[in-house]
Amino acid sequence: IGTSVLMDACRKYGIQRYHQVSTDEVVDMIERGIVDIGVVRTPFNRENLCCLNLRKEPMVVVVNKNGEKFGFEYREKIDLKDLDGKPIVIYRRYEKLIMDVLQLNKVKANIYCLNDDSRTTIAWAQAGLAIGIVPKSIIDNSNKEIEVYELDEEELKTQISVAWMENKYLPRSARNLLDMIRNSNF
């Protein structure tokens, strides 16, 4: 969801507080009652949460524009088999998802770096040390030092969702925001 759309909704519906933090932090704040509703990205623990799934988004491969292309030149999409044995950098949050899909497709994983932030993954790839794998919307299109290729794998798509506590009263402003999101093209 675009930040400007969320800002408009906050103004329109009198939303008093909006936090932009990691999915794990959003889920924690919902569970502790700090916030009523949050925008999150899979994977996350859905226990005790209601979710409105908005859209799926592919994972992408990131490489240094002026460095090693790992055989990806002149392509728009990359097949998982193209990653076989090549050095990859992944954000720990997506480790299980990526490793499970690679194993299922019999692709040998060569983990160069496992880290705790998508920006770090991009930085390692930008340095030309390995191939980064991140969700597409994490990419800053103004970064001219990287090339981005979509991974052609349905199982590696993440889902953007709106979440709130199950069996908990939602204030009118939160219900209005949910209605606006349900009736939009997110």
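- Shown here is Lys168, whose NZ atom has more than 12 heavy atoms of other residues, nucleotides or ligands within 6.0 Å.
- Side-chain contact check for Val148 versus Phe72: every heavy-atom pair is 4.5 Å or farther apart.
- The backbone N or O of Asp24 lies less than 3.5 Å from no partner atom in the side chain of Asp28, so there is not a single donor-acceptor pair.
- Counting heavy atoms from C-beta on, the side chains of Pro58 and Leu156 never come closer than 4.5 Å.
- Chaining together hydrophobic side chains whose heavy atoms lie under 4.5 Å apart places Leu129 alongside Val89, Tyr112, Trp124.
- Identified under the side-chain hydrogen bond (donor to acceptor under 3.5 Å, both in side chains) test for residues 98-108, with sequence neighbours left out: Lys96-Asp100.
- The closest side-chain heavy-atom distance from Arg46 to Ser161 is below 4.5 Å.
- Side-chain atoms of Lys86 come within 3.5 Å of backbone N or O of Phe70 as a donor-acceptor pair.
- Side chains of Arg41 and Thr23: a donor-acceptor N/O pair is absent below 3.5 angstrom, by distance only.
- Asp116 is linked by a side chain to side chain donor-acceptor pair (under 3.5 Å) to Arg92, counting only residues two or more places apart in sequence or in another chain.
- Between the NZ atom in Lys56 and the NZ atom in Lys136 there is a gap of 15.5 Å [rounded to 0.5 Å].
- Under the salt bridge (charged side-chain N to carboxylate O under 4.0 Å, His left out) criterion, Arg93 pairs with no residue at all, not counting sequence neighbours.
- Of the N and O atoms on the side chains of Asn64 and Glu145, not one donor lies less than 3.5 Å from an acceptor on the other residue.
- When side chains are defined from C-beta on, Thr121 does not count as touching Ile133, because their heavy atoms never get closer than 4.5 Å.
- Remark: Glu147 engages no residue in a salt bridge (charged side-chain N to carboxylate O under 4.0 Å, His left out) (not counting sequence neighbours).
- Leu104 and Ile88 are assigned to two separate hydrophobic clusters, defined by single-linkage of ILVMFWY side chains at heavy-atom distances under 4.5 Å.
- Electrostatic pairing of Asp84 and Lys81 does not count as a salt bridge here, judged by no charged N lying under 4.0 Å from a carboxylate O.
- Residues Ile131 and Val62 are not in side-chain contact: their nearest non-hydrogen atoms beyond the backbone lie 4.5 Å or more apart.
- Of the possible donor and acceptor atoms, one in the side chain of Glu57 sits under 3.5 Å from a partner among the backbone N and O of Ser137.
- A 4.5 Å side-chain heavy-atom check between Gln159 and Phe44 finds every atom pair outside the cut-off.
- Separation of atoms CG (Leu102) and CG (Leu97) is listed at 9.0 Å; rounding is to 0.5 Å.
- Listed by chain and number, the residues in a salt bridge (charged side-chain N to carboxylate O under 4.0 Å, His left out) with Arg75 are Asp82 (sequence neighbours excluded).
- Enclosure of atom CZ in Arg119 is not indicated, since only 12 or fewer non-hydrogen atoms of other residues, nucleotides or ligands lie within 6.0 angstrom.
- Counted by atom type alone, Asp140 and Ser142 present one or more donor-acceptor pairs between their side chains at under 3.5 Å.
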**OP:** Please assess Lys77 against Leu151 for the test side chain to side chain contact (heavy atoms under 4.5 Å, CB included), listing each intermediate value before the final yes or no.
**Re:** CA-CA 6 Å; Lys77 292 187 176 189; Leu151 264 170; over 6 Å; no

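- Residues Arg175 and Trp164 fail the side-chain proximity criterion, which asks for heavy atoms closer than 4.5 Å.
- Looking only at side-chain heavy atoms (C-beta outward), Met59 and Thr158 come within less than 4.5 Å of each other.
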